[in-house]
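Note sheet for the following structure.
Proteins get letters first, then strands, A, B, ... in listed order; numbering begins at 1 in each.
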Amino acid sequence: MSRIQALRGTRDILPDEVSYWQQIETVARDIFSKAAYREIRTPIFEQTDLFERSIGEATDVVGKEMYTFKDRGDRSLTLRPENTAGVVRAFIEHHLQAQGTPQRLWYLGPMFRYERPQKGRQRQFHQLGVEVLGSADPRADAEVIAIASDLLQTLGLTDLRFAVNSIGNLDDRNQYREALVTYLTPYKPELDADSQDRLTRNPLRILDSKEARTQEILCDAPNLLQYLSPESKTRFDRVQQLLSDLGIAHTIDPRLVRGLDYYTHTVFEIQSDALGAQATVCAGGRYDGLVQELGGEATAAVGWASGLERLTLLLQTLQPLLPSALDFYLISKGDRAEAQSLQLAQQLRHLGFAVELDVSGSAFGKQFKRADRSGAIACLVVGETEADNQTAQLKWLKSGEQEAIAQTDLSDQAERLRQQIAAHRA
RNA sequence: GCGAGCGUAGCCAAGUGGUUAAGGCAGCGGAUUGUGGUUCCGCCACUCGGGGGUUCGAGUCCCCUCGUUCGCCCCA
(Lines give C-alpha, C1' and ligand atoms only; values in the text may rest on other atoms or scores of the structure.)
Protein backbone atom coordinates (compact mmCIF):
# COMPACT_ATOMS: atom_id res chain seq x y z
CA MET A 1 0.00 0.00 0.00
CA SER A 2 2.23 2.77 -1.20
CA ARG A 3 -0.57 4.88 -2.62
CA ILE A 4 -0.29 8.44 -1.48
CA GLN A 5 -3.19 9.47 0.69
CA ALA A 6 -4.12 12.34 2.97
CA LEU A 7 -2.02 12.37 6.12
CA ARG A 8 -3.41 11.12 9.40
CA GLY A 9 -5.62 13.71 10.98
CA THR A 10 -6.13 15.64 7.75
CA ARG A 11 -9.02 15.16 5.40
CA ASP A 12 -10.52 16.34 2.16
CA ILE A 13 -13.77 18.23 2.41
CA LEU A 14 -15.67 17.02 -0.63
CA PRO A 15 -18.27 19.09 -2.51
CA ASP A 16 -21.28 17.50 -0.79
CA GLU A 17 -19.88 18.55 2.56
CA VAL A 18 -18.64 21.96 1.49
CA SER A 19 -22.21 23.22 1.27
CA TYR A 20 -22.51 22.82 5.04
CA TRP A 21 -19.33 24.80 5.56
CA GLN A 22 -20.60 27.54 3.29
CA GLN A 23 -23.84 27.66 5.20
CA ILE A 24 -21.94 28.28 8.43
CA GLU A 25 -19.65 30.85 6.83
CA THR A 26 -22.56 32.76 5.35
CA VAL A 27 -24.48 32.90 8.61
CA ALA A 28 -21.35 33.83 10.56
CA ARG A 29 -20.37 36.67 8.22
CA ASP A 30 -23.85 38.10 8.47
CA ILE A 31 -24.00 37.95 12.25
CA PHE A 32 -20.50 39.34 12.70
CA SER A 33 -20.95 42.25 10.36
CA LYS A 34 -24.25 43.20 12.01
CA ALA A 35 -22.42 43.38 15.34
CA ALA A 36 -19.58 45.49 13.88
CA TYR A 37 -16.96 42.74 13.99
CA ARG A 38 -14.41 42.90 11.20
CA GLU A 39 -12.49 40.02 9.72
CA ILE A 40 -8.79 39.60 10.34
CA ARG A 41 -6.49 37.15 8.56
CA THR A 42 -3.21 36.27 10.20
CA PRO A 43 -0.47 33.84 9.11
CA ILE A 44 -0.85 30.13 9.58
CA PHE A 45 2.60 29.86 11.13
CA GLU A 46 4.25 32.07 13.67
CA GLN A 47 7.39 32.21 15.73
CA THR A 48 7.25 29.35 18.25
CA ASP A 49 7.82 31.77 21.12
CA LEU A 50 4.48 33.43 20.53
CA PHE A 51 2.56 30.29 21.45
CA GLU A 52 4.85 29.27 24.28
CA ARG A 53 4.45 32.64 25.93
CA SER A 54 0.72 33.06 25.37
CA ILE A 55 -0.76 29.59 25.75
CA GLY A 56 1.67 28.61 28.49
CA GLU A 57 4.62 26.25 28.67
CA ALA A 58 2.89 23.93 31.10
CA THR A 59 -0.17 23.34 28.91
CA ASP A 60 -0.66 20.18 26.86
CA VAL A 61 -1.13 22.23 23.72
CA VAL A 62 2.38 23.63 23.99
CA GLY A 63 3.93 20.64 25.72
CA LYS A 64 2.95 17.92 23.30
CA GLU A 65 0.61 19.06 20.54
CA MET A 66 2.43 21.69 18.51
CA TYR A 67 3.65 21.27 14.96
CA THR A 68 7.02 22.90 15.43
CA PHE A 69 9.86 22.88 12.91
CA LYS A 70 12.96 24.76 11.88
CA ASP A 71 12.90 26.69 8.63
CA ARG A 72 15.90 27.07 6.33
CA GLY A 73 17.07 30.03 8.33
CA ASP A 74 17.15 27.91 11.47
CA ARG A 75 14.22 29.78 13.03
CA SER A 76 11.78 27.78 15.16
CA LEU A 77 8.32 28.07 13.65
CA THR A 78 5.00 26.58 14.71
CA LEU A 79 1.78 25.98 12.81
CA ARG A 80 -0.79 27.85 14.85
CA PRO A 81 -2.63 25.63 17.33
CA GLU A 82 -5.17 28.41 17.94
CA ASN A 83 -5.55 31.97 16.79
CA THR A 84 -5.93 34.25 19.80
CA ALA A 85 -2.17 34.55 20.08
CA GLY A 86 -1.83 35.51 16.42
CA VAL A 87 -4.60 38.09 16.60
CA VAL A 88 -3.09 39.65 19.72
CA ARG A 89 0.33 39.73 18.04
CA ALA A 90 -1.19 41.53 15.06
CA PHE A 91 -3.08 43.91 17.33
CA ILE A 92 0.17 44.92 19.01
CA GLU A 93 2.31 44.92 15.87
CA HIS A 94 -0.05 47.21 13.93
CA HIS A 95 -1.02 49.43 16.87
CA LEU A 96 -4.65 48.64 16.29
CA GLN A 97 -5.56 50.30 19.61
CA ALA A 98 -4.72 53.56 17.83
CA GLN A 99 -7.68 52.95 15.54
CA GLY A 100 -9.92 53.11 18.57
CA THR A 101 -10.95 50.53 21.10
CA PRO A 102 -12.53 48.21 21.46
CA GLN A 103 -11.40 46.43 18.33
CA ARG A 104 -13.98 43.80 17.42
CA LEU A 105 -12.43 41.13 15.23
CA TRP A 106 -13.33 37.73 13.83
CA TYR A 107 -11.39 35.06 11.97
CA LEU A 108 -11.83 31.73 10.27
CA GLY A 109 -9.11 29.32 9.29
CA PRO A 110 -7.14 26.14 9.80
CA MET A 111 -5.39 25.31 13.07
CA PHE A 112 -2.98 22.46 13.78
CA ARG A 113 -2.48 20.20 16.75
CA TYR A 114 -0.57 16.96 16.82
CA GLU A 115 -3.10 14.63 18.47
CA ARG A 116 -4.66 11.26 17.82
CA PRO A 117 -7.64 11.90 15.58
CA GLN A 118 -11.10 10.87 16.70
CA LYS A 119 -14.68 11.99 16.20
CA GLY A 120 -14.74 15.76 16.01
CA ARG A 121 -10.98 16.03 16.26
CA GLN A 122 -8.47 16.44 13.44
CA ARG A 123 -4.82 17.39 13.31
CA GLN A 124 -5.69 20.09 10.84
CA PHE A 125 -8.99 21.53 11.98
CA HIS A 126 -10.79 24.81 11.49
CA GLN A 127 -11.87 27.43 13.92
CA LEU A 128 -14.18 30.36 13.67
CA GLY A 129 -13.56 32.89 16.39
CA VAL A 130 -14.10 36.42 17.69
CA GLU A 131 -11.93 38.66 19.83
CA VAL A 132 -12.84 41.97 21.47
CA LEU A 133 -9.68 43.84 22.38
CA GLY A 134 -9.71 46.89 24.60
CA SER A 135 -12.79 46.52 26.77
CA ALA A 136 -13.12 45.33 30.35
CA ASP A 137 -16.86 46.01 30.33
CA PRO A 138 -18.93 42.97 31.37
CA ARG A 139 -21.18 43.78 28.43
CA ALA A 140 -18.33 42.73 26.14
CA ASP A 141 -18.30 39.30 27.83
CA ALA A 142 -22.05 39.02 27.42
CA GLU A 143 -21.93 40.31 23.84
CA VAL A 144 -19.49 37.69 22.61
CA ILE A 145 -21.53 34.94 24.25
CA ALA A 146 -24.71 36.38 22.76
CA ILE A 147 -23.13 36.37 19.32
CA ALA A 148 -22.13 32.73 19.72
CA SER A 149 -25.67 31.99 20.79
CA ASP A 150 -27.10 33.80 17.74
CA LEU A 151 -24.81 31.92 15.42
CA LEU A 152 -25.71 28.50 16.78
CA GLN A 153 -29.39 29.30 16.93
CA THR A 154 -29.51 30.66 13.38
CA LEU A 155 -27.89 27.46 12.20
CA GLY A 156 -30.74 25.60 13.86
CA LEU A 157 -28.61 24.00 16.55
CA THR A 158 -30.53 23.47 19.75
CA ASP A 159 -30.03 21.26 22.79
CA LEU A 160 -26.84 23.07 23.68
CA ARG A 161 -25.55 23.65 27.20
CA PHE A 162 -24.01 26.98 28.09
CA ALA A 163 -21.64 26.65 31.04
CA VAL A 164 -19.92 29.71 32.51
CA ASN A 165 -17.52 30.29 35.34
CA SER A 166 -15.13 32.90 36.64
CA ILE A 167 -11.56 32.11 37.51
CA GLY A 168 -10.99 35.62 38.83
CA ASN A 169 -7.90 37.72 38.43
CA LEU A 170 -4.34 36.58 38.96
CA ASP A 171 -4.35 37.18 42.74
CA ASP A 172 -7.66 35.36 43.20
CA ARG A 173 -6.31 32.45 41.29
CA ASN A 174 -3.03 32.27 43.18
CA GLN A 175 -4.81 32.23 46.52
CA TYR A 176 -7.22 29.61 45.34
CA ARG A 177 -4.44 27.50 43.90
CA GLU A 178 -2.72 27.49 47.26
CA ALA A 179 -5.90 26.48 49.05
CA LEU A 180 -6.59 23.73 46.55
CA VAL A 181 -3.09 22.30 46.80
CA THR A 182 -3.29 22.38 50.60
CA TYR A 183 -6.58 20.51 50.49
CA LEU A 184 -5.51 17.94 47.88
CA THR A 185 -2.01 17.12 49.10
CA PRO A 186 -3.13 14.66 51.82
CA TYR A 187 -5.16 12.83 49.16
CA LYS A 188 -2.32 12.70 46.69
CA PRO A 189 -1.90 8.91 46.68
CA GLU A 190 -5.59 8.50 45.89
CA LEU A 191 -5.62 10.85 42.90
CA ASP A 192 -5.27 9.54 39.37
CA ALA A 193 -1.79 9.71 37.90
CA ASP A 194 -2.44 12.76 35.74
CA SER A 195 -3.87 14.70 38.64
CA GLN A 196 -0.92 13.82 40.85
CA ASP A 197 1.32 15.26 38.22
CA ARG A 198 -0.81 18.39 37.88
CA LEU A 199 -0.74 18.99 41.62
CA THR A 200 2.58 20.74 41.18
CA ARG A 201 2.39 21.71 37.53
CA ASN A 202 -1.15 23.01 36.99
CA PRO A 203 -3.40 22.30 39.98
CA LEU A 204 -6.54 24.04 38.64
CA ARG A 205 -6.74 21.51 35.82
CA ILE A 206 -7.42 18.79 38.38
CA LEU A 207 -10.90 20.24 38.78
CA ASP A 208 -12.19 18.88 35.49
CA SER A 209 -10.61 15.45 35.81
CA LYS A 210 -13.02 12.73 34.74
CA GLU A 211 -11.70 10.16 37.22
CA ALA A 212 -14.47 9.11 39.61
CA ARG A 213 -12.29 8.94 42.72
CA THR A 214 -10.68 12.28 41.96
CA GLN A 215 -14.12 13.83 41.56
CA GLU A 216 -15.20 12.32 44.89
CA ILE A 217 -12.27 13.92 46.62
CA LEU A 218 -13.06 17.21 44.93
CA CYS A 219 -16.60 17.27 46.38
CA ASP A 220 -15.31 18.78 49.58
CA ALA A 221 -12.55 20.84 48.01
CA PRO A 222 -12.53 24.62 48.38
CA ASN A 223 -14.81 26.34 45.86
CA LEU A 224 -13.15 28.63 43.37
CA LEU A 225 -16.02 31.10 43.47
CA GLN A 226 -15.47 31.68 47.19
CA TYR A 227 -11.95 32.85 46.49
CA LEU A 228 -12.96 35.60 44.10
CA SER A 229 -12.20 39.10 45.33
CA PRO A 230 -15.27 41.32 45.88
CA GLU A 231 -14.53 43.08 42.58
CA SER A 232 -14.20 39.82 40.66
CA LYS A 233 -17.36 38.52 42.27
CA THR A 234 -19.32 41.66 41.39
CA ARG A 235 -18.05 41.46 37.86
CA PHE A 236 -19.09 37.82 37.46
CA ASP A 237 -22.54 38.55 38.92
CA ARG A 238 -22.94 41.32 36.39
CA VAL A 239 -22.05 39.05 33.47
CA GLN A 240 -24.55 36.46 34.63
CA GLN A 241 -27.25 39.10 35.04
CA LEU A 242 -26.61 40.43 31.54
CA LEU A 243 -26.85 36.94 30.08
CA SER A 244 -30.10 36.29 31.89
CA ASP A 245 -31.47 39.62 30.68
CA LEU A 246 -30.69 38.48 27.14
CA GLY A 247 -32.60 35.27 27.76
CA ILE A 248 -29.50 33.11 27.38
CA ALA A 249 -29.96 30.09 29.61
CA HIS A 250 -26.71 29.12 31.27
CA THR A 251 -25.43 27.19 34.23
CA ILE A 252 -22.60 28.10 36.55
CA ASP A 253 -19.97 25.39 36.52
CA PRO A 254 -17.45 26.03 39.29
CA ARG A 255 -15.29 23.21 37.94
CA LEU A 256 -14.92 24.82 34.53
CA VAL A 257 -11.32 25.90 34.05
CA ARG A 258 -9.77 26.18 30.65
CA GLY A 259 -6.64 24.54 29.36
CA LEU A 260 -4.92 27.69 28.19
CA ASP A 261 -3.02 29.81 30.71
CA TYR A 262 -4.08 33.24 29.53
CA TYR A 263 -7.66 33.22 30.78
CA THR A 264 -8.90 35.53 33.55
CA HIS A 265 -12.38 36.13 34.98
CA THR A 266 -15.08 34.84 32.64
CA VAL A 267 -14.60 31.43 31.01
CA PHE A 268 -17.33 29.55 29.18
CA GLU A 269 -18.11 26.52 27.05
CA ILE A 270 -21.02 25.57 24.83
CA GLN A 271 -21.55 21.83 24.60
CA SER A 272 -23.68 19.38 22.68
CA ASP A 273 -24.59 15.79 23.50
CA ALA A 274 -24.57 14.74 19.85
CA LEU A 275 -20.82 14.76 19.32
CA GLY A 276 -19.43 11.86 21.32
CA ALA A 277 -16.47 12.58 23.52
CA GLN A 278 -15.65 15.95 21.98
CA ALA A 279 -18.73 17.77 23.23
CA THR A 280 -17.51 21.36 23.12
CA VAL A 281 -18.55 23.32 20.03
CA CYS A 282 -17.55 26.74 21.23
CA ALA A 283 -15.40 27.95 24.11
CA GLY A 284 -13.62 31.04 25.27
CA GLY A 285 -13.24 33.63 27.92
CA ARG A 286 -11.58 36.79 29.05
CA TYR A 287 -7.82 37.27 28.82
CA ASP A 288 -7.02 40.62 30.39
CA GLY A 289 -3.31 39.98 30.82
CA LEU A 290 -2.32 38.57 27.46
CA VAL A 291 -1.73 41.72 25.42
CA GLN A 292 0.63 43.09 28.04
CA GLU A 293 2.25 39.68 28.44
CA LEU A 294 3.12 39.78 24.74
CA GLY A 295 4.60 43.23 24.96
CA GLY A 296 1.64 45.51 24.30
CA GLU A 297 -0.06 48.04 26.55
CA ALA A 298 -2.29 46.61 29.27
CA THR A 299 -5.46 45.77 27.32
CA ALA A 300 -8.50 43.91 28.56
CA ALA A 301 -9.90 41.41 26.06
CA VAL A 302 -12.43 38.63 25.63
CA GLY A 303 -13.18 36.12 22.87
CA TRP A 304 -14.07 32.59 21.83
CA ALA A 305 -13.40 29.99 19.19
CA SER A 306 -15.68 27.41 17.65
CA GLY A 307 -14.73 24.22 15.83
CA LEU A 308 -16.05 24.07 12.27
CA GLU A 309 -15.71 20.29 12.00
CA ARG A 310 -17.91 19.91 15.07
CA LEU A 311 -20.45 22.41 13.80
CA THR A 312 -20.72 20.65 10.45
CA LEU A 313 -21.17 17.31 12.23
CA LEU A 314 -24.12 18.79 14.08
CA LEU A 315 -25.55 20.41 10.96
CA GLN A 316 -25.33 17.14 9.05
CA THR A 317 -27.42 15.37 11.67
CA LEU A 318 -30.05 18.08 11.22
CA GLN A 319 -30.08 18.14 7.42
CA PRO A 320 -28.80 14.86 5.99
CA LEU A 321 -28.77 16.18 2.42
CA LEU A 322 -28.82 19.69 1.11
CA PRO A 323 -31.08 19.93 -1.97
CA SER A 324 -29.66 20.67 -5.39
CA ALA A 325 -29.63 24.31 -6.39
CA LEU A 326 -29.76 23.47 -10.11
CA ASP A 327 -32.49 25.12 -12.21
CA PHE A 328 -31.87 23.68 -15.70
CA TYR A 329 -30.20 20.62 -17.18
CA LEU A 330 -29.41 20.98 -20.89
CA ILE A 331 -29.63 18.05 -23.26
CA SER A 332 -28.62 17.99 -26.90
CA LYS A 333 -27.67 15.69 -29.74
CA GLY A 334 -26.05 16.50 -33.08
CA ASP A 335 -23.41 19.05 -34.01
CA ARG A 336 -25.59 22.12 -34.47
CA ALA A 337 -27.79 21.29 -31.52
CA GLU A 338 -24.79 20.75 -29.27
CA ALA A 339 -23.35 24.11 -30.29
CA GLN A 340 -26.69 25.80 -29.65
CA SER A 341 -27.08 24.16 -26.25
CA LEU A 342 -23.81 25.68 -25.11
CA GLN A 343 -25.08 29.08 -26.23
CA LEU A 344 -28.33 28.52 -24.38
CA ALA A 345 -26.50 27.47 -21.23
CA GLN A 346 -24.50 30.69 -21.23
CA GLN A 347 -27.58 32.76 -21.99
CA LEU A 348 -29.50 31.22 -19.09
CA ARG A 349 -26.56 31.63 -16.73
CA HIS A 350 -26.32 35.30 -17.65
CA LEU A 351 -30.02 35.58 -16.83
CA GLY A 352 -29.21 34.29 -13.37
CA PHE A 353 -30.17 30.63 -13.63
CA ALA A 354 -28.09 27.69 -12.41
CA VAL A 355 -27.49 25.49 -15.43
CA GLU A 356 -25.72 22.20 -16.05
CA LEU A 357 -24.84 21.33 -19.62
CA ASP A 358 -24.65 17.67 -20.60
CA VAL A 359 -21.52 17.28 -22.68
CA SER A 360 -21.55 13.49 -22.88
CA GLY A 361 -22.88 13.20 -26.43
CA SER A 362 -24.68 10.04 -25.37
CA ALA A 363 -28.20 8.95 -26.33
CA PHE A 364 -31.13 11.14 -25.28
CA GLY A 365 -32.34 8.42 -22.96
CA LYS A 366 -29.10 8.51 -21.00
CA GLN A 367 -29.08 12.26 -20.91
CA PHE A 368 -32.62 12.35 -19.53
CA LYS A 369 -31.56 9.92 -16.87
CA ARG A 370 -28.76 12.23 -15.82
CA ALA A 371 -31.09 15.21 -15.95
CA ASP A 372 -33.34 13.41 -13.53
CA ARG A 373 -30.51 12.62 -11.14
CA SER A 374 -29.04 16.08 -11.29
CA GLY A 375 -31.88 17.45 -9.19
CA ALA A 376 -32.62 20.16 -11.77
CA ILE A 377 -36.16 21.51 -11.91
CA ALA A 378 -36.40 21.54 -15.70
CA CYS A 379 -34.49 20.38 -18.69
CA LEU A 380 -34.07 21.98 -22.05
CA VAL A 381 -33.78 19.69 -25.03
CA VAL A 382 -32.21 20.63 -28.34
CA GLY A 383 -32.13 17.99 -31.10
CA GLU A 384 -31.97 18.13 -34.89
CA THR A 385 -35.53 19.42 -35.23
CA GLU A 386 -35.10 22.18 -32.63
CA ALA A 387 -31.75 23.14 -34.10
CA ASP A 388 -33.45 23.61 -37.48
CA ASN A 389 -36.06 26.02 -36.20
CA GLN A 390 -34.13 27.62 -33.33
CA THR A 391 -36.34 26.26 -30.57
CA ALA A 392 -35.93 24.01 -27.58
CA GLN A 393 -38.20 21.64 -25.73
CA LEU A 394 -38.69 22.79 -22.15
CA LYS A 395 -39.54 19.84 -19.94
CA TRP A 396 -40.55 20.14 -16.30
CA LEU A 397 -38.93 17.10 -14.79
CA LYS A 398 -41.30 16.51 -11.92
CA SER A 399 -44.57 16.63 -13.88
CA GLY A 400 -43.20 15.56 -17.26
CA GLU A 401 -45.03 18.45 -18.93
CA GLN A 402 -43.27 19.75 -21.99
CA GLU A 403 -43.56 22.85 -24.14
CA ALA A 404 -41.72 24.31 -27.10
CA ILE A 405 -39.91 27.57 -26.56
CA ALA A 406 -38.09 29.75 -29.07
CA GLN A 407 -34.41 30.16 -28.26
CA THR A 408 -34.69 33.90 -28.81
CA ASP A 409 -37.57 34.17 -26.34
CA LEU A 410 -35.59 33.01 -23.33
CA SER A 411 -34.75 36.44 -21.98
CA ASP A 412 -38.33 37.66 -22.46
CA GLN A 413 -39.62 34.64 -20.63
CA ALA A 414 -37.01 34.74 -17.86
CA GLU A 415 -39.33 36.19 -15.26
CA ARG A 416 -42.03 33.63 -15.95
CA LEU A 417 -39.46 30.81 -15.82
CA ARG A 418 -38.10 32.10 -12.56
CA GLN A 419 -41.55 32.05 -11.03
CA GLN A 420 -42.35 28.59 -12.29
CA ILE A 421 -39.06 27.24 -10.98
CA ALA A 422 -39.72 28.83 -7.61
CA ALA A 423 -43.17 27.24 -7.60
CA HIS A 424 -41.75 23.81 -8.43
CA ARG A 425 -39.18 24.14 -5.68
CA ALA A 426 -41.81 25.05 -3.09
C1' G B 1 1.85 8.68 24.27
C1' C B 2 -1.92 4.67 25.98
C1' G B 3 -6.42 1.24 25.18
C1' A B 4 -10.11 -1.30 22.15
C1' G B 5 -12.45 -2.41 17.39
C1' C B 6 -12.07 -2.74 12.12
C1' G B 7 -9.46 -3.19 7.00
C1' U B 8 -13.02 -7.91 0.87
C1' A B 9 -14.49 -3.29 -6.02
C1' G B 10 -15.72 3.96 -6.19
C1' C B 11 -19.51 2.99 -1.85
C1' C B 12 -22.34 -0.69 1.41
C1' A B 13 -21.30 -5.59 2.19
C1' A B 14 -21.73 -11.87 2.37
C1' G B 15 -17.97 -15.10 3.44
C1' U B 16 -16.20 -18.34 10.37
C1' G B 17 -9.81 -23.54 6.44
C1' G B 18 -11.58 -26.94 0.96
C1' U B 19 -12.92 -26.55 -6.40
C1' U B 20 -13.96 -20.64 -10.57
C1' A B 21 -14.48 -14.71 -4.05
C1' A B 22 -22.38 -13.86 -2.95
C1' G B 23 -25.44 -9.66 -3.33
C1' G B 24 -26.81 -4.42 -3.42
C1' C B 25 -25.80 0.85 -4.79
C1' A B 26 -23.21 3.87 -8.18
C1' G B 27 -20.87 3.69 -13.13
C1' C B 28 -20.64 2.09 -18.33
C1' G B 29 -23.04 -0.42 -22.68
C1' G B 30 -27.55 -2.48 -24.72
C1' A B 31 -33.14 -3.74 -25.10
C1' U B 32 -35.35 1.68 -26.70
C1' U B 33 -30.18 5.21 -33.38
C1' G B 34 -35.28 11.84 -29.83
C1' U B 35 -37.63 11.58 -23.91
C1' G B 36 -35.92 10.27 -17.52
C1' G B 37 -37.46 8.75 -12.52
C1' U B 38 -40.13 1.37 -13.61
C1' U B 39 -38.20 -3.10 -15.84
C1' C B 40 -34.78 -6.61 -18.31
C1' C B 41 -29.77 -8.12 -20.20
C1' G B 42 -24.47 -7.55 -20.24
C1' C B 43 -19.71 -5.43 -18.30
C1' C B 44 -17.25 -3.86 -13.78
C1' A B 45 -11.94 -7.93 -7.54
C1' C B 46 -5.90 -13.19 -11.53
C1' U B 47 -7.91 -11.29 -5.63
C1' C B 48 -9.43 -10.04 -0.02
C1' G B 49 -4.35 -3.13 3.20
C1' G B 50 1.08 -4.99 3.04
C1' G B 51 4.81 -8.74 4.58
C1' G B 52 5.98 -13.30 6.84
C1' G B 53 4.35 -17.98 9.07
C1' U B 54 1.11 -22.54 10.11
C1' U B 55 -1.31 -26.08 6.62
C1' C B 56 -1.89 -30.80 1.37
C1' G B 57 -4.92 -26.20 1.08
C1' A B 58 -5.80 -19.28 4.09
C1' G B 59 -10.05 -13.74 2.63
C1' U B 60 -10.80 -17.23 6.84
C1' C B 61 -5.72 -19.30 11.97
C1' C B 62 -0.85 -16.96 14.08
C1' C B 63 2.98 -12.98 14.10
C1' C B 64 4.71 -8.29 12.38
C1' U B 65 3.52 -3.88 9.89
C1' C B 66 0.66 0.06 7.75
C1' G B 67 -3.98 2.43 7.62
C1' U B 68 -8.58 3.64 9.87
C1' U B 69 -12.45 4.25 13.67
C1' C B 70 -13.84 5.04 18.62
C1' G B 71 -12.13 6.04 23.45
C1' C B 72 -8.20 7.95 27.29
C1' C B 73 -5.20 12.33 27.86
C1' C B 74 -6.23 17.15 26.10
C1' C B 75 -9.05 20.35 23.35
C1' A B 76 -12.72 23.64 19.23
Side-chain angles (χ1 to χ4, degrees), chain A residues 1-9 11 14 16 55 58-66 80-84 108-129 148 152 192-195 197-198 202 205 208-211 257-260 268-272 275-285 303-314 329 331-334 337 358 360-376 378-387 392-402:
Chain A
M1 261 284 274
S2 61
R3 278 171 61 188
I4 294 177
Q5 54 184 34
L7 289 167
R8 168 177 291 159
R11 48 186 227 104
L14 272 13
D16 280 344
I55 297 169
T59 62
D60 282 6
V61 169
V62 170
K64 59 181 199 189
E65 295 172 5
M66 294 210 300
R80 60 185 189 192
E82 57 104 47
N83 204 30
T84 298
L108 167 63
M111 309 293 159
F112 305 84
R113 289 181 202 173
Y114 192 87
E115 299 180 272
R116 288 295 288 269
Q118 65 190 76
K119 191 178 172 75
R121 168 187 293 165
Q122 240 67 44
R123 285 182 174 180
Q124 174 175 339
F125 62 106
H126 297 76
Q127 284 186 338
L128 176 68
L152 297 166
D192 57 278
D194 285 313
S195 294
D197 190 40
R198 291 200 197 106
N202 201 348
R205 301 284 313 146
D208 58 13
S209 164
K210 284 174 192 160
E211 293 295 326
V257 292
R258 315 255 29 260
L260 278 36
F268 72 95
E269 280 187 14
I270 304 172
Q271 300 185 327
S272 161
L275 282 173
Q278 267 58 243
T280 304
V281 291
C282 178
W304 53 253
S306 182
L308 272 287
E309 280 78 3
R310 293 178 191 180
L311 288 180
T312 52
L313 279 173
L314 290 177
Y329 191 92
I331 290 175
S332 57
K333 189 79 185 158
D358 192 309
S360 69
S362 44
F364 273 113
K366 298 292 175 193
Q367 295 195 55
F368 272 102
K369 196 165 183 169
R370 282 190 215 102
D372 190 52
R373 295 198 176 167
S374 74
C379 76
L380 221 48
V381 187
V382 185
E384 299 286 348
T385 324
E386 291 79 12
Q393 289 294 322
L394 170 64
K395 181 166 186 174
W396 299 97
L397 286 166
K398 201 166 180 183
S399 64
E401 285 169 46
Q402 195 165 316

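Atom CE of A:M111 and atom C1' of B:rA76 are 10 Å apart (whole Å). Nucleotide B:rU35 holds its C1' atom 10 Å from the CD atom of A:Q393, rounded to whole Å. Between the CD atom of A:E65 and the P atom of B:rC72 there is a distance of 14 Å, rounded to whole Å. As a whole-Å value, the separation of A:Q5 CD from B:rC66 P is 13 Å. Nucleotide B:rU35 holds its C1' atom 14 Å from the NZ atom of A:K333, rounded to whole Å. Between the C1' atom of B:rG34 and the CZ atom of A:F364 lies a distance of 5 Å, rounded to the nearest Å.
Residues A:G400 and A:D194 both approach RNA chain B. Their nearest nucleotides, taken by heavy-atom distance, put A:G400 toward the 5′ side.
At most 12 heavy atoms of other shown residues, nucleotides or ligands fall within 6.0 angstrom of atom OH in A:Y114.
Proximity note for A:R258 (side chain, C-beta onward) versus B:rC73, B:rG34, B:rA76: the nearest is B:rA76. In this structure, of B:rG36, B:rA76, B:rG71, it is B:rG36 that holds the atom nearest to the side chain of A:K395. For A:F125, taking side-chain heavy atoms from C-beta onward, the closest of the listed nucleotides B:rG71, B:rG34, B:rA76 is B:rA76. Comparing atom distances between the A:D372 side chain and each of B:rG29, B:rC73, B:rG37 picks out B:rG37 as nearest.
Here, B:rG17 and B:rG30 have their P atoms 45 Å apart, quoted to the whole Å. Across B:rC70 and B:rA14, the matching C1' atoms stand 25 Å from one another, rounded to whole Å.
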Could you list, one pair per line, each protein nitrogen or oxygen that sits under 3.5 Å from a nitrogen or oxygen of nucleotides 24-27 of chain B, together with the distance?
| from | atom 1 | to | atom 2 | distance (Å) |
| --- | --- | --- | --- | --- |
| B:rG27 | OP1 | A:R373 | NH1 | 2.9 |
| B:rG27 | OP2 | A:R373 | NH1 | 2.3 |

Tabulate atom names and distances for all N/O pairs under 3.5 angstrom spanning the protein and nucleotides 1-9 of chain B.
| from | atom 1 | to | atom 2 | distance (Å) |
| --- | --- | --- | --- | --- |
| B:rC2 | N4 | A:R116 | NH1 | 3.2 |

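Between the side chain of A:Q402 and the base of B:rU35 there is at least one donor-acceptor pair of N/O atoms closer than 3.5 Å. The base of B:rG29 does not come close enough to the side chain of A:S362 for any donor and acceptor atom to sit less than 3.5 Å apart. Between the side chain of A:K119 and the base of B:rG71 there is no donor-acceptor pair of N/O atoms closer than 3.5 Å.
B:rC46 has its base syn relative to the sugar, with a glycosidic angle deviating from 0 by at most 90°.
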Below 3.5 Å, can you tabulate the donor-acceptor pairs from side chains in residues 392-399 of chain A to any protein atom, sequence neighbours excluded?
| from | atom 1 | to | atom 2 | distance (Å) |
| --- | --- | --- | --- | --- |
| A:Q393 | OE1 | A:Q402 | NE2 | 3.1 |
| A:W396 | NE1 | A:E403 | OE2 | 3.3 |
| A:S399 | OG | A:E401 | N | 3.2 |

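Applying the 4.0 Å criterion to OP1 and OP2 of B:rC72, one finds that A:Q118 has a side-chain N or O inside that range.
Across all strands shown, A:T385 has heavy atoms under 4.0 Å from base atoms, whether or not it also approaches the sugar-phosphate.
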